[in-house]
Amino acid sequence: MWEKVFAVARRRGFIWPAFEIYGGMRGFYDYGPLGAALKRNIIDTWRRYYVFQEGMAEIDSPNLSPEDVFRASGHLDKFEDLVTVCERCGSSFRADHLVSIENADSLSADELWQEMKKEGVKCPECGGPLSKPEPFNLMFRTKIGPKGKRERTGYLRPETAQAMFMDFPSLYRYFREKLPFGAVQIGKGFRNEISPRQGLLRLREFNMAEAEVFFDPENKRWPGFERYRDAEVLLLPNTGGEFRMSLGEAVEKSIIKNEALAYFVGLTRSFLLEIGIDEKRLRFREHLMEEMAHYADDCWDAEVLLSYGWTEIVGIADRTDYDLRRHMQFSGESLKARRTFKEAVEMEVEEIVPDFKKLGPLFKGDAKRVAEELKEMDASSVSGDIRVDIDGKEYIVPEDAYTIRKAKKKVSGEDFVPHVIEPSYGIDRILYAVLEHSYMKDGDYRILKLRPSVAPVKVGVFPLMPKDGLDEMAMDIHRRLSAAGIRSVYDDSGSIGRRYARMDEIGTPYCITVDYDSLKDGTVTLRQRDSKEQERVAIDGIEGVVSTLIKENTIN
RNA sequence: GCGGGUGUAGUGUAGCUGGUUAUCACUGGAGCUUGCCAAGCUUCUAACCCGGGUUCAAAUCCCGGCACCCGCACCA
């Protein structure tokens with residue numbers, strides 16, 4: 001099936017292997033003219049949901065990021081492992097998991113290799129010999145700036161999400177300090193996959209659309225949940241079982257943990273149906289605990305049934321406050337929001353008051369940061385000498401270097417780190433799924449039943465015969481449609497049937513044919529791809545007729 | 001990365017026990033024709049994945065690389 005869909009997609013200009021004249025490169029594809037148009041239409045539809053309907057803010061940030069970002073995000077640790085491969089059975093393992101000493105993950109490749117040899121580590125699968133561990137990083141590394149002092153290590157981003165986290169303070173101000181709000185980004189991600197496969201499903205450079213929705217963790221109810229409360233979806237929770245039920249019911253029965261997650265399941269379903277995913281081949285599956293990403297607390301994937309089997313195309317993850325906290329920790333900046341109490345409350349507060357006369361001589365230049373850490377701590381939980389950790393360094397603050405002060409204070413609110421729900425869409429996979437779900441074959445006749453809103457070409461215009469003025473008339477209609485912003489194609493080659501077939505194969509929903517009656521009465525036939533039915537419509541105002549048809553077939 | 005399979009015009013293929021100008025069909029272009037669903041006729045364009053070896057001679061045999069497919073491993 002993949003080969004058949006790919007053959008059509010390639011022949012007609014949807015997808016081409018990239019760098020083909022140099023032999024190609026695994027994991028890289030070009031979108032041809034129709035593919036690029038289809039991709040743009042899918043993205044425009046996505047934008048209609050997230051930016052227009054939900055009012056989220058779209059940003060656009062660099063693909064290349066300095067190393068610090070991924071140290072904070074966890075991708076460096078998570079993505080860079082020392083891997084050893086069994087030379088007999090081909091199994092690969094994280095080398096630091098095979099040796100018996102503690103903190104083996106901090107060893108260098110050479111040290112680890114020495115340790116492996118010392119312990120005589122063999123392949124846990126088959127007992128075969130293992131190779132020297134080599135670092136494997138799923139991120140593309142490069143250098144930013146000229147060689148020398150100013151040179152910095154950079155990486156191509158493996159996801160677009162980090163920008164929304166780093167821009168949180170500006171976004172928070174942009175939304176005039178009110179939660180919840182969302183920020184989105186549509187762009188490229190890069191992962192140096194060991195073994196990219198299956199065409200568009202595992203790329204090394206891929207398109208993604210991600211939304212980061214920031215909200216107050218004390219309130220996971222979702223305003224506007226009504227919109228999708230009654231939507232029926234097939235759910236596979238990680239506690240087992242398969243349920244077809246409404247999202248309202250799923251939340252009531254705690255199959256989906258909160259309204260916010262359920263809302264984006266509903267929105268995702270609606271978006272996918274609109275671009276032409278087959279509802280019967282769509283389900284939502286909750287991640288098992290062990291497959292959860294390092295940042296995620298809960299995750300529901302939209303999966304579609306392809307010829308490869310069930311395939312993830314969207315992930316809706318509860319990233320909690322993981323990312324914002326990490327960036328706070330690594331950057332030292334505050335990424336908090338403020339929750340205002342309904343009424344200001346008078347509170348008895350306990351504060352740690354550092355004594356700089358003592359701290360100064362003890363910690364010298366670090367004293368200020370130690371003091372700041374102390375102020376952050378909960379005064380009621382400390383006593384005696386206090387241990388403070390800053391960036392892995394340990395400071396012991398003696399009992400006499402601080403006092404605890406009790407005071408009454410009017411408190412009108414408090415700062416907190418927002419939680420994040422992240423709907424993340426793999427555009428390339430979605431595009432392929434749309435192609436496969438739209439692909440119909442009747443004998444040798446192939447039709448791509450693309451929905452009008454995403455079809456690269458909306459209408460084909462033909463003269464029944466390329467003569468007697470029919471061709472000029474058809475060309476004129478084509479020009480008028482194009483001028484009205486409707487993507488139209490003129491074709492007068494071959495028989496009329498062949499031209500319909502060409503349009504069917506690239507998913508064009510409508511065809512207009514100028515015939516001899518058109519010369520007399522100013523009407524043309526309008527043919528619908530899926531029903532093959534024709535009706536006569538007036539040439540005058542044809543732009544409106546076509547654009548109305550496209551709109552009527554759009555859900556949102 | 002490991003194991004297995006495959007690689008011939010845009011697509012699908014024949015040739016592959018080495019030997020003329022590499023077969024056929026579809027698609028595509030041009031022309032004729034054609035009064036609504038890949039009609040017909042004429043004609044044209046267009047390929048041996050790349051590199052090396054064996055040989056008088058390689059699409060064909062051998063080696064290496066690359067790409068694709070399947071399985072394993074990997075997969076925020």
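A note on names: the letters A, B, ... follow the listed sequences, proteins ahead of strands, and every chain is numbered from 1.
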May I ask you to say what [X] touches in the nucleic acid, namely base, sugar-phosphate or nothing, with a heavy-atom cut-off under 4.0 Å?
| X | value |
| --- | --- |
| Pro196(A) | nothing |
| Arg12(A) | base |
| Tyr445(A) | base |
| Ser493(A) | sugar-phosphate |
| Gly494(A) | nothing |
| Leu464(A) | base |

Quiz item: Given that Lys532(A) and Tyr308(A) both sit by RNA chain B, which one's nearest nucleotide is further toward the 5' end?
Solution: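 So the residue in question is Lys532(A).
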Practice problem: Specify the residue among Tyr516(A) and Arg429(A) whose closest nucleotide of RNA chain B lies further upstream toward the 5′ end. | Solution: Tyr516(A)
Practice problem: May I have the step-by-step check of side-chain hydrogen bond (donor to acceptor under 3.5 Å, both in side chains) for Asp471(A) and Tyr490(A), ending in yes or no? | Solution: CA-CA 9 Å; Asp471(A) 43 356; Tyr490(A) 171 86; 5.1 Å; no
Quiz item: Watson-Crick or G-U wobble partner for rG31(B), using a 3.5 Å limit on both distances?
Solution: rC41(B)
Quiz item: What is the base-pairing partner of rU11(B), counting Watson-Crick and G-U wobble geometry with both distances under 3.5 Å?
Solution: rA25(B)
[atom1] atom, [N] versus [M]: distance in rounded Å?
| N | M | atom1 | answer |
| --- | --- | --- | --- |
| rA58(B) | rU17(B) | C1' | 14 Å |
| rA57(B) | rG3(B) | P | 34 Å |
| rC62(B) | rG7(B) | P | 13 Å |
| rU54(B) | rC63(B) | C1' | 11 Å |
| rG29(B) | rC49(B) | P | 27 Å |
| rA22(B) | rU8(B) | C1' | 9 Å |

Starting from [atom2] on [N], measure out to [atom1] on [X] and report it in whole angstrom.
| X | N | atom1 | atom2 | value |
| --- | --- | --- | --- | --- |
| Arg446(A) | rC37(B) | CZ | P | 20 Å |
| Glu505(A) | rU27(B) | CD | C1' | 9 Å |
| Glu20(A) | rC68(B) | CD | P | 11 Å |
| Ile21(A) | rA67(B) | CD1 | P | 16 Å |

Is there a donor N/O on one and an acceptor N/O on the other, under 3.5 Å, for the side chain of [X] and the base of [N]?
| X | N | result |
| --- | --- | --- |
| Arg202(A) | rC74(B) | yes |
| Arg527(A) | rC37(B) | yes |
| Tyr22(A) | rC50(B) | no |

Quiz prompt | Donor-acceptor pair between Gln185(A) and Ser61(A) side chains, under 3.5 angstrom | solution =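 Gln185(A) vs Ser61(A): donor-acceptor pair found between side chains.
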Quiz item: Can the ring centres of Phe271(A) and Tyr50(A) be said to be less than 6.0 Å apart?
Solution: no
Quiz prompt | N-O pairing of Arg11(A) and Glu505(A) below 4.0 Å | solution =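 A salt bridge is present here (some side-chain N lies under 4.0 Å from a carboxylate O).
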Quiz item: Under a 4.5 Å cut-off applied to non-hydrogen side-chain atoms, are Arg502(A) and Arg12(A) in contact?
Solution: yes
Below 4.0 angstrom from OP1 or OP2 of [N], is there any side-chain N or O of [X]?
| X | N | result |
| --- | --- | --- |
| Arg498(A) | rC36(B) | no |
| Arg10(A) | rU11(B) | yes |
| Thr525(A) | rC36(B) | no |

